[in-house]
Every structure is written in C-alpha cells, then in structure tokens.
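Take a look at the structure below.
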Protein chains: 2
Amino acid sequence: MAKNDRINQQILQQLTRDGRISNLELADRVGLSPSACLRRVQDLERAGVITGYRAVLNREAMGAGFVTYIGVGLGEHTKEAQKAFERAMDEAVEVVECHNITGTIEYLLRVECADLPSYKRFHTDILGTSPFVAAITTYVVMGSPKDLRS
Amino acid sequence: MAKNDRINQQILQQLTRDGRISNLELADRVGLSPSACLRRVQDLERAGVITGYRAVLNREAMGAGFVTYIGVGLGEHTKEAQKAFERAMDEAVEVVECHNITGTIEYLLRVECADLPSYKRFHTDILGTSPFVAAITTYVVMGSPKDLRS
DNA sequence: GCTATTGAGGGAATGAAATTGCGTTTTTGA
DNA sequence: TCAAAAACGCAATTTCATTCCCTCAATAGC
C-alpha cells in the first residue's frame with residue numbers, strides 16, 4: 001500500500017497537472033532522486049491510486065462542438081444487458097462518458113459530436129441499434145459556466 | 001492547423017486511452033514511422049487539439065467517492081436568475097461541472113462529495129439556499145464504465 | 001545498549017525512447 | 001502534366017527510464 005505523505009501528494013498533484021512530465025523533472029520538483037521518485041510513482045500505480053494517463057482534448061478545435069447529455073433507460077435490467085450496452089458505448093468514439101446511475105433511468109452519457117447532423121447519426125445508428133435501449137432523453141449543452149474537468 | 005483524417009483520429013483515440021503510451025508503440029498502432037507519428041502528435045498539441053495530459057486518480061482512494069449528477073430547474077428564467085445561480089455554483093467547491101442545457105430543466109451539475117452526509121450538507125445548505133432553485137433531481141453515480149474526461 | 005533487519009534514498013551504468021536532420025515519396029493545385 | 005508543398009521513412013544523436021548496488025535511517029529483538 002502506498003503511503004499518503006507530503007511527497008506522494010506532490011507527485012499526484014504534479015501528475016494531475018501534467019501526466020507526461022518526465023521522471024527527471026518530476027523528481028526535481030518533489031525533491032527526490034529520479035530513481036526514488038520513479039519507485040514512488042510505480043508504487044502509486046500498483047496500489048491503484050493512479051489508474052491511468054490520458055490526453056485531454058479540445059473537441060471544439062477539431063469540430064466537435066455539439067455536446068449533449070443523454071439519459072438512457074434499458075428495457076432489461078440483467079447483467080448481460082448492461083454489459084452489452086456498456087461495450088457498445090465503449091466502442092463509440094462520440095461517447096465521452098458513461099455513468100451508471102440510480103433513478104428512473106440506468107445511464108447518463110456525455111456525447112460530443114461535430115454538429116446536429118452528426119449527432120443524429122449517432123442517435124439513430126449507434127444508440128438506436130444498441131441492444132436493450134428503451135428510453136432516450138437528450139439534453140443539449142448550450143454552455144458550461146463551470147467545468148473543472150475539461 | 002492539424003488535419004482531421006483517419007490517422008489523427010486514431011492517434012487521439014489511443015492517447016485518450018493511454019496518454020503515456022510510447023511514441024514507438026503509438027506509431028506502430030496507427031501504422032506510421034515514429035518520426036512521422038511524433039510530428040503529428042506535436043502538430044495536434046500546437047493546434048490546441050491536445051490541451052494536455054493528466055494522470056487519472058482513483059477518487060475513492062482520495063476521499064471524494066460520492067459522485068452525483070443533479071438536474072436543476074429554476075423558478076425564474078430571467079438573466080438575473082441565471083447569473084445568480086451560476087455564481088452560487090461557481091463558489092461551491094463540491095460543484096465540478098455546471099452545464100446550461102435545453103429541456104425541462106435548466107442546469108445539469110456534477111457534484112463530488114466525500115460521502116452521503118457531506119452530500120446532504122451540500123444539498124440543503126448550498127442548493128437549498130441558492131436563489132431561484134425550484135426543482136432538484138439527483139442521480140447518484142454507481143459507476144462509470146467509461147469516462148474519458150476524468 | 002547493541003545489532004540484525006527492513007525500508008527508502010542516491011548514484012552510476014545500461015538500454016530504450018524521443019527528437020532531429022535529411023533525402024525520398026506522395027499529394028495538391030495550377 | 002508538372003512544379004511546389006506536404007508528409008513520410010531512415011538513421012544519427014540526445015535524452016530519459018530503468019535497473020543494480022551501495023548507503024543511511026528507523027525499528028524490533030535480544
């Protein structure tokens with residue numbers, strides 16, 4: 001189990017800001033030698049505190065400015081239905097987030113498309129053909145006054 | 001300006017899955033030489049399509065494991081009501097995202113708390129006292145089979 | 001109080017990867 | 001069809017990740 005001391009917190013903070021910082025630079029910033037620093041990072045990864053690394057994209061810069069949240073209800077509530085739906089969502093590049101939630105519907109998606117026509121394609125070709133999908137409610141994002149995760 | 005062809009899409013998809021994949025491996029997966037691949041990645045960074053890289057942390061391991069999406073309807077639909085609500089959300093640390101959406105409600109929030117009691121505090125003390133808030137619908141996130149923005 | 005053991009750190013060597021320069025190929029547009 | 005521009009691949013160079021081994025400090029047992 002990885003510790004939760006000051007240095008590890010610094011490491012996590014730095015890697016959250018820049019996940020591609022070199023180990024040399026990271027070690028320098030937290031005041032360790034490269035080898036000691038690398039060991040700590042690997043410990044954090046092994047302990048499951050760091051679950052991965054991702055590039056952060058600006059979708060508007062690549063023509064994906066049409067953002068929607070979509071509530072999805074499944075017709076069946078079996079484990080198989082969920083797995084099948086989740087697999088379909090994982091393969092769809094438009095789907096940026098897929099949350100399994102409580103309430104009247106099972107899933108909340110964040111879907112990012114270029115425009116309305118391309119959203120329509122996603123809606124009919126992907127969602128419409130996905131297994132077990134029963135109810136779809138779309139909320140179009142007009143703006144995000146606050147978004148700390150973008 | 002960076003292109004938006006098949007290869008760049010593959011590059012972006014790979015980097016959103018694993019932002020620390022080596023350039024050699026990435027080049028291999030998209031079918032380019034390392035140098036050509038690196039140039040494309042750098043172009044995407046320079047064009048602002050890739051805005052950065054982040055380590056993905058296990059939030060439960062850090063004491064913010066209670067995640068909810070909250071639909072909020074306002075009692076008034078004036079500009080002043082919206083501004084006041086957005087200001088309140090901006091000041092609340094629990095609110096990670098605030099989207100202005102179309103539909104039967106005006107806002108969709110993502111709220112991250114340590115646990116249910118701390119969520120209750122947010123619900124009553126922050127949302128309950130915010131101006132013009134009329135309808136509140138909470139969806140508790142039980143899991144996120146896919147989340148490329150975390 | 002002393003010593004064995006364990007855990008963490010530092011430094012240097014090694015191997016791998018990023019990066020760059022350059023010639024070649026492909027694409028584009030007149 | 002041909003010239004210019006863009007993109008590519010190869011190879012050399014630099015930088016970095018990773019490993020090995022030694023040292024130091026804290027801890028537990030005697």
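Throughout, a chain's letter reflects where its sequence line sits, starting with A, and its residues are numbered from 1. Because only heavy atoms are used, hydrogens play no part in the values below, and waters and symmetry mates are left out as well, while side chains stay in.
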### Short N-O contact, A:Arg54 and B:Asp147, less than 4.0 angstrom
no

### Query
Looking at A:Asp43 and A:Arg40, does any basic side-chain N land under 4.0 Å from a carboxylate oxygen?
no

Would you name the heavy atoms of [X] and [Y] that are closest together and state the gap between them?
{"X": "A:Val30", "Y": "A:Gln10", "answer": "CG1-CB, 3.8 Å"}
{"X": "A:Gly19", "Y": "B:Arg20", "answer": "O-NE, 2.9 Å"}
{"X": "B:Ile105", "Y": "B:Gly71", "answer": "CD1-CA, 3.5 Å"}

### Query
Nearest-Å distance, CG (A:Asn8) to P (C:dG7)?
16 Å

### Task
Go through the structure and list residues passing salt bridge (charged side-chain N to carboxylate O under 4.0 Å, His left out) with A:Arg29, not counting sequence neighbours.
A:Glu25

### Summary
Quick tally for nucleotides 5-20 of chain D: nucleotides whose base has a protein heavy atom under 4.0 Å get B, sugar-phosphate-only ones S, the rest -, giving --SBBB-----SSBBB

### Test of ring centre spacing under 6.0 Å for B:Phe66 and B:Tyr119
yes

### Query
Would the B:Tyr107 and B:His99 ring centres measure less than 6.0 Å apart?
no

### Query
If we fit an axis to the first five pairs and another to the last five of the helix from C:dG1-D:dC30 to C:dA30-D:dT1, what angle do they make, to the nearest 10°?
40°

